[in-house]
Amino acid sequence: MSEVQYRVLDTFLGVNKSETETLLTFGEASDMSNWIITDDRKLKKIYGYKSLNAKVPGQRINGMWYGPLHGEYHLIFARGGKVYEYDFNTKTEIELGTIVDAYPTTFFVTNNTVYILDGTEFYSWDGETFKVVEGYVPTVITAASPYGGGQLLESINYISGKKRARYSGDGEFTLYQLFEDDIDSVDLVTVNGQKMDEGTDYTVDLEHGQVIFGDPPPLGVNNVEITWTKNDPELRKLITNCRYYGGVFYARHWLFGNPDRRNTRFPSGVTQAGVSDPEYWPMHGDSNVGEYEITAIIKHYDKQIIFTSGDSSGATAWYSTAESYRDPGTGITTTLFPTFPINSKVGNVAPGQVQIIQNDPFTLWKGIYEWVSTYVMNEKNAQWISKRIQRDLDQVDLSKAITWDWDDAGVYLLCVGKRIWCLNYRVIGANGERGAWYILDLPHEPTCFMTIDQKLCFGTTDGQIMMFDENEATFDGEEIVAVWDMGYHNFGADWVRKYIQYMFISLLPLASTHVDIYLSTDRRAAYKYIKTVSYGVAIFDNWDFERLSFETNYSPQPKKVKLRAKKIDYLKIRLVCGGTDGAVVLGITLPVRAGGLVKNR
């Protein structure tokens, strides 16, 4: 019999379902659930989470936002047709306003104001007042004569029927012509900055769009200002029916996801004062991108990237730049945003779910793709990175997935239903590829994610907000069962029988920790329970007198476990940790002794 060869597993490489179990690299798992891969590539049982609020059956969390307004942090969320703020001090929900119960509900913030899109209306909350956004009032004409004309200044606002025009009085004309007829109202008239009173200083002809002064305004330049309203609900719907926010690019906010304009992106405007205003959506600023539904808009370096749900007959990814155009006739300078295709094979199927991971976009398209270049048309600029979990992804509808970049932990999350595939992108995989994958199986179904004070939180289909916390030992009262399956290994010689009498396993000492060890071999495929390895440090907070230990050693604790695996060819180990114990596996050592040749059975 040969000398003992020691096979040491001290680098855990995550799960790999792309190969048969016998081809996995030593350290890869054929399956795993509720174990995570740490930054030093050890195996750690996931810690638990707790609910912040009570369950509301049948009312999902449609969206949430966390961040500062005027220097004070707030957590707000949408559920059941209401927007709430969660008060961490009193642990209560405070109703802020009423919206439509729609999933998803999108939040974005700028200028100390949170804006909310529910697919039917546009709302805002500044920390005190919740309201429907009325919209910026543009000055559409300046230096007009009483009978019309003038210089175009700002475009009509899609979400507001109000407009403003400035006229230069000539001291003679009393009738001032607006550039619209059949208007709804005249809201404000000023002459030399002084407010005029309707009926006393002027009268209005709504049908013909006219303001008639009793006395002609004096001679001046832009000394007469008239504000009026002519609403068009269909124009407002172009913006309020959008479902997704595309971030800020070139001082403009971008929206998309209008079901009636699926391939259209809408930019906000910059006012005449040079202010980027999310309540100003100028007419004709929108543009169509290809012919397929836009599913994501992001900023990548100095470009905007637009992903669509197209197919191989058309571009599925585009980039956009900003260009200035000066009209030779009017002298007006307009900023244009032309688009250029960068890929015709890979796009994104999950609306609003593209994440930027270490400067590279991650999209979902029959798998997960990392975009390593977004400057030129090239099929190689999108690299397939989900090979190791692709067999799982082939079984789910990725268009319904939600994603998140938990950058405080260096983890990319992809969730469908109650399962989350996690990529620790800080580590290197078995063959030098990016990251290590692991899987979380939860008893609650996430609807959206958020990071709060570096802790991962998610909304559920039952109206709760869950917060992961290292001090929690359960999934909001549900047991966490962590399972890790090693692939079948023959240790490089499938023609030789092996004898593995025992193994060593090293655990990180915790207040209470254990790992159940199971064994499967080619001689007995069914898992056989071998032993429970446990360790506990004596602390009064966690005493269990049935398993009382007075150990006080916090150094790693190797344990010897008898396997009695004789005359085997292939071996596979399963590690399980249930209950409320935590566990960190630092390493496994298998003393392997080769014997004679394998025999037919």
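The model shown is predicted, which means the values in this text are computed figures rather than measured ones. Values reported hereafter were calculated over all heavy atoms of this structure, with side chains retained and with hydrogens, waters and symmetry mates removed.
For the pair V576/V515, no side-chain contact is recorded, criterion being any heavy-atom separation below 4.5 Å from C-beta on. Contact of the R574 side chain with the K572 side chain is not registered, since no non-hydrogen atoms from C-beta on lie closer than 4.5 Å. Put simply, the side chain of Q358 reaches to within 4.5 Å of the side chain of Y425, judged on heavy atoms. I389 is listed as a side-chain neighbour of V15, based on a closest heavy-atom distance under 4.5 Å. Side-chain contact between V83 and W125 is absent, with no heavy atoms from C-beta onward closer than 4.5 Å.
In this structure, R262 forms no cation-pi arrangement with Y292, as its terminal cationic atom is not both closer than 6.0 Å to the ring centre and no more than 45° off the ring axis. A cation-pi arrangement is not found for R243 relative to F256, the charged atom failing to lie both closer than 6.0 Å to the ring centre and inside a 45° cone about the ring normal. Because its NZ or CZ atom is not both nearer than 6.0 Å to the ring centre of Y499 and within 45° of the ring axis, K566 does not count as a cation-pi partner of that residue. Under a cutoff of 6.0 Å and an axis angle of 45°, K562 and Y502 do not form a cation-pi pair.
The aromatic ring centroids of W404 and Y412 lie 6.0 Å or more from each other. You'll find the ring centres of Y86 and Y84 outside the 6.0 Å limit. A distance below 6.0 Å separates the ring centres of Y73 and Y66. Proximity of the aromatic rings of W371 and F307 is defined here by a centroid distance below 6.0 angstrom, and this criterion is met.
Counted by atom type alone, D581 and T513 present zero donor-acceptor pairs between their side chains at under 3.5 Å. A donor atom on one side chain and an acceptor atom on the other are not found under 3.5 Å apart for Q501 and R593. Between the side chains of N62 and Y103, not a single donor N or O lies within less than 3.5 Å of an accepting N or O. Side-chain contact annotation: T532 with D516, donor-acceptor N/O pair under 3.5 Å present. Side chain to side chain, E445 and T461 fail the donor-acceptor criterion of an N or O pair below 3.5 Å. Side chain to side chain, Y488 and S520 meet the donor-acceptor criterion of an N or O pair below 3.5 Å. Using a 3.5 Å distance cut-off with no hydrogens or angles, the side chains of N53 and E93 do pair a donor with an acceptor. Between S33 and W35, the side chains place no donor N or O within less than 3.5 Å of an acceptor N or O (distance only, hydrogens not considered). A side-chain donor from one of Q390 and W384 sits under 3.5 Å from a side-chain acceptor of the other. Side-chain polar atoms of H444 and Y49 form a donor-acceptor pair below 3.5 angstrom.
In terms of heavy atoms, D462 sits closest to P57 at OD1-CA, 3.6 Å. When every heavy atom of R497 is checked against every heavy atom of V598, the shortest pair comes out as CG-CA, 3.7 Å.
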Problem - Chi angles and distances behind the ring-ring contact (aromatic ring centres under 6.0 Å, His included) call for H489, Y570 - result: CA-CA 5 Å; H489 284 277; Y570 285 90; 8.7 Å; no
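Using modelled atom types, one side-chain atom of D469 and one backbone atom of N471 make a donor-acceptor pair closer than 3.5 Å.
Salt-bridge formation is not detected for the pair K17/D394: no Lys NZ or Arg NE/NH1/NH2 atom is positioned less than 4.0 Å from an Asp or Glu carboxylate oxygen. Using a 4.0 Å cut-off between charged nitrogen and carboxylate oxygen, E28 and R388 do not count as a salt-bridge pair. A salt bridge links R426 with D39: the closest approach of a Lys/Arg side-chain nitrogen to an acidic carboxylate oxygen falls below 4.0 angstrom.
Crowding of K42 atom NZ: a count of heavy atoms from other residues, nucleotides or ligands under 6.0 Å exceeding 12.
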